[in-house]
**Student:** 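Okay, here's the structure, questions in a sec.
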Amino acid sequence: MNAPLEYDAILAWLQEEDPQRLLSLWQMANETRHACVGDAVHLRGLVELSNQCARQCAYCGLRAGNTDLTRYRMTAQEVLAAAHQAVEFGYGTVVLQAGEDYALSARWIAQVVSRIKSETPLAVTLSLGERQPDELALWRAAGADRYLLRFETSDHALFTLIHPGRDGRASDRIAILRQLKALGYETGSGIMVGLPGQTYESVARDICLFRELDLDMIGIGPFIPHRQTPLGNQELWTQFVQAENDLLHRPCANQVPNAELMVYKAVALTRLACPGANIPSTTALATINRQNGRELGLRRGANVLMPNLTPVQYRSLYQIYPAKACLTETGTSCNRCLRLRIGAMGRHVGVGPGGRGARAVFAGRRDVQRELATPASGHHVSRSPSLDCV
Ligand code: SAM
Ligand code: SF4
């Protein structure tokens, strides 16, 4: 195995353009992936359970300020049906992702998690944004195994600019990642590559931070501009910053491009820096290269894919960025397509939950699960029937 890379080497590789030298980077990343996490490609069934969001992230199409988007929230029955479909397809994990939607009450989520854990052998990953420590603790006790929260960029000034705080409080995603680890979650984070104002140096620091945080899962995708967001629309940007700020017109000197090649470099270097992590070849990458973006990600360090299990009527509404891959496909066709692609690469689909190392899937705390099985009094989620009625 290769020695772990340090900041200077990571930065040099990010700036490398020579195709021959890059071939050696891809090879090192692929060998490290093979030696440390094997040839299995783990499939995580993704359920986008709500596109409602209280936040105003300047990059994301689900931001509260996007009034052009029809909003939805799945019912508990729909989420459970998707989880059972994950089992039917042979997936080991279901990922429940949403905007930061406070109408998804802590108890409702805990009940959904508890039901999935009692009815299926699945590992449950949550990706629900920045929620309170007691909520994260309740979901863990209900049986949630993993939590994904990307820090997006380690450049604090840039993050603060494009990810405004709420209720007068700035976001501190790094602190939440540390809380998640202390609660016993397998913890995932990640970045977008090519944000306006993001430098090569800051991406090198992101990769060092992945290692420092000892993350279990690391998702890296290109930033894809969306016309209904400030980072994708000069007019909205001017309203958003309400001050002189020419970030969109004149990005910084060392601006990282939001190009496919940059994403592969970041994925490969992350594999070298964090050899045992689970690293997806992301849907955003498949969006900018539909033909073989997924495969190239898997050949350059990644070992996970996230087939979509969101019911088709909701998929096109989960518009984080435009022209997302697999928008009109059903869960069945996504499953078939990804298995064919994995087989054609000479790799195989992972069996079981595929967590980091040999850690068993968490069963949840029995006392908490018993309590969650009793109907909540006067506790309902708007527009989404409570689990008690399932
Ligand atoms: N709301 C949760 C959160 O923010 O963590 C989870 C859902 S959020 C849509 C998931 C991820 O989408 C974000 O962490 C961000 O990295 C990614 N994303 C948002 N807008 C994007 C864009 N325009 N291009 C690429 N990725 C984007
Ligand atoms: Fe909401 Fe997450 Fe999108 Fe930010 S990135 S607007 S928190 S869904």
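Nothing here was measured: the structure is a model prediction, and the numbers come from that model. Start at 1 and go down the list; that is how both ligands and their atoms are numbered.
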**Student:** Does Glu371 pair with Arg107 as a salt bridge, N-O distance under 4.0 Å?
**Tutor:** yes
**Student:** Any N/O/S atom from Cys60 (main chain or side chain) under 2.8 Å of atom 3 (Fe) of ligand 2?
**Tutor:** yes
**Student:** Would you call Ser127 a ligand 1 contact, heavy-atom distance under 4.0 Å?
**Tutor:** yes
**Student:** Examine Ile224 against ligand 1 and note whether any of their N/O atoms are separated by less than 3.5 Å.
**Tutor:** yes
**Student:** In terms of side-chain heavy atoms, does Thr310 have a donor or acceptor partner in Asn308 at a distance below 3.5 Å?
**Tutor:** yes
**Student:** For Tyr321, is at least one N or O under 3.5 Å away from an N or O on ligand 1?
**Tutor:** no
**Student:** Using only heavy-atom distances, determine whether the side chains of Glu100 and Tyr102 contain a donor-acceptor pair under 3.5 Å.
**Tutor:** yes
**Student:** Under 2.8 Å from atom 1 (Fe) of ligand 2, is there any N, O or S atom belonging to Cys57?
**Tutor:** no
**Student:** Can you check which of Ala284, Ala98, Gly99, Cys60 brings a heavy atom nearest to atom 2 (C) of ligand 1?
**Tutor:** Ala98
**Student:** Counting each atom of ligand 1 from 1 as listed, which ones have a heavy atom of Arg150 under 4.0 Å away?
**Tutor:** 14 (O), 16 (O)
**Student:** Under 4.0 Å from any heavy atom of Gly99, which atoms of ligand 2 are there?
**Tutor:** 8 (S)
**Student:** When only distance counts, is Phe223 in polar contact with ligand 1, meaning an N/O pair under 3.5 Å?
**Tutor:** no
**Student:** Does Tyr318 reach ligand 1 with a nitrogen or oxygen that is under 3.5 Å from one of the ligand's nitrogen or oxygen atoms?
**Tutor:** no
**Student:** Under a plain distance cut-off of 3.5 Å, with no hydrogens placed, do Ser281 and Arg300 share a side-chain donor-acceptor pair?
**Tutor:** no
**Student:** Which of the atoms in ligand 2, numbered in the order shown and given with their element, are less than 4.0 Å from a heavy-atom of Tyr59?
**Tutor:** 5 (S)
**Student:** Do Ile220 and Val263 come close enough that some side-chain heavy atom pair is under 4.5 Å?
**Tutor:** yes
**Student:** With respect to Tyr59, determine whether any N or O atom, backbone or side chain, lies less than 3.5 Å from an N or O atom of ligand 1.
**Tutor:** yes
**Student:** Would you sort out whether Lys265 and Glu17 count as a salt bridge (charged side-chain N to carboxylate O under 4.0 Å, His left out), showing the intermediate values?
**Tutor:** CA-CA 10 Å; Lys265 289 186 206 174; Glu17 295 291 340; 3.8 Å; yes
**Student:** Within 4.0 Å of atom 11 (C) of ligand 1 (strictly less), any protein heavy atom?
**Tutor:** no
**Student:** Nearest heavy atom to atom 14 (O) of ligand 1 wins, so pick from Glu152, Arg173, Arg55.
**Tutor:** Glu152
**Student:** Under 3.5 Å, is there a donor-acceptor pair between the Tyr318 and Gln97 side chains?
**Tutor:** yes
**Student:** Under 4.0 Å from atom 4 (O) of ligand 1, is there at least one protein heavy atom?
**Tutor:** yes
**Student:** Which of the atoms in ligand 1, numbered in the order shown and given with their element, are less than 4.0 Å from a heavy-atom of Gln97?
**Tutor:** 6 (C), 7 (C), 10 (C)
**Student:** Among Gly129, Cys53, Ser50, whose heavy atom sits nearest atom 7 (S) of ligand 2?
**Tutor:** Cys53
**Student:** Among all the protein's non-hydrogen atoms, which is closest to atom 18 (N) of ligand 1, and how far away is it?
**Tutor:** Ile320 CG2, 3.3 Å
**Student:** Are a donor atom and an acceptor atom from the side chains of Asp155 and Gln198 found within less than 3.5 Å of each other?
**Tutor:** no
**Student:** How close does the nearest protein non-hydrogen atom get to atom 26 (N) of ligand 1, and which residue and atom is it?
**Tutor:** Met192 SD, 3.5 Å
**Student:** If we count only N and O atoms by modelled type, under 3.5 Å, do the side chains of His42 and Tyr91 hold a donor and an acceptor together?
**Tutor:** no
**Student:** Does the pair Glu48/Arg315 count as a salt bridge with the N-to-O cut at 4.0 Å?
**Tutor:** no
**Student:** Would you mind running through ligand 1 and noting each atom that sits below 4.0 Å from a heavy atom of Pro222?
**Tutor:** 24 (N), 25 (C)
**Student:** For the residue pair Trp26 and Tyr264, does the interplanar ring angle fall in the parallel (under 30°), tilted (30 to 60°) or perpendicular (over 60°) class?
**Tutor:** perpendicular
**Student:** For atom 4 (Fe) of ligand 2, is the nearest protein heavy atom closer than 4.0 Å?
**Tutor:** yes
**Student:** Parallel, tilted or perpendicular: which describes the rings of Tyr147 and Trp139, with under 30° parallel and over 60° perpendicular?
**Tutor:** parallel
**Student:** With no hydrogens and no angle check, do the side chains of Asn303 and Arg271 hold a donor and an acceptor under 3.5 Å apart?
**Tutor:** yes
**Student:** Answer with yes or no whether Gly219 contacts ligand 1, where contact means a heavy atom under 4.0 Å from a ligand atom.
**Tutor:** no
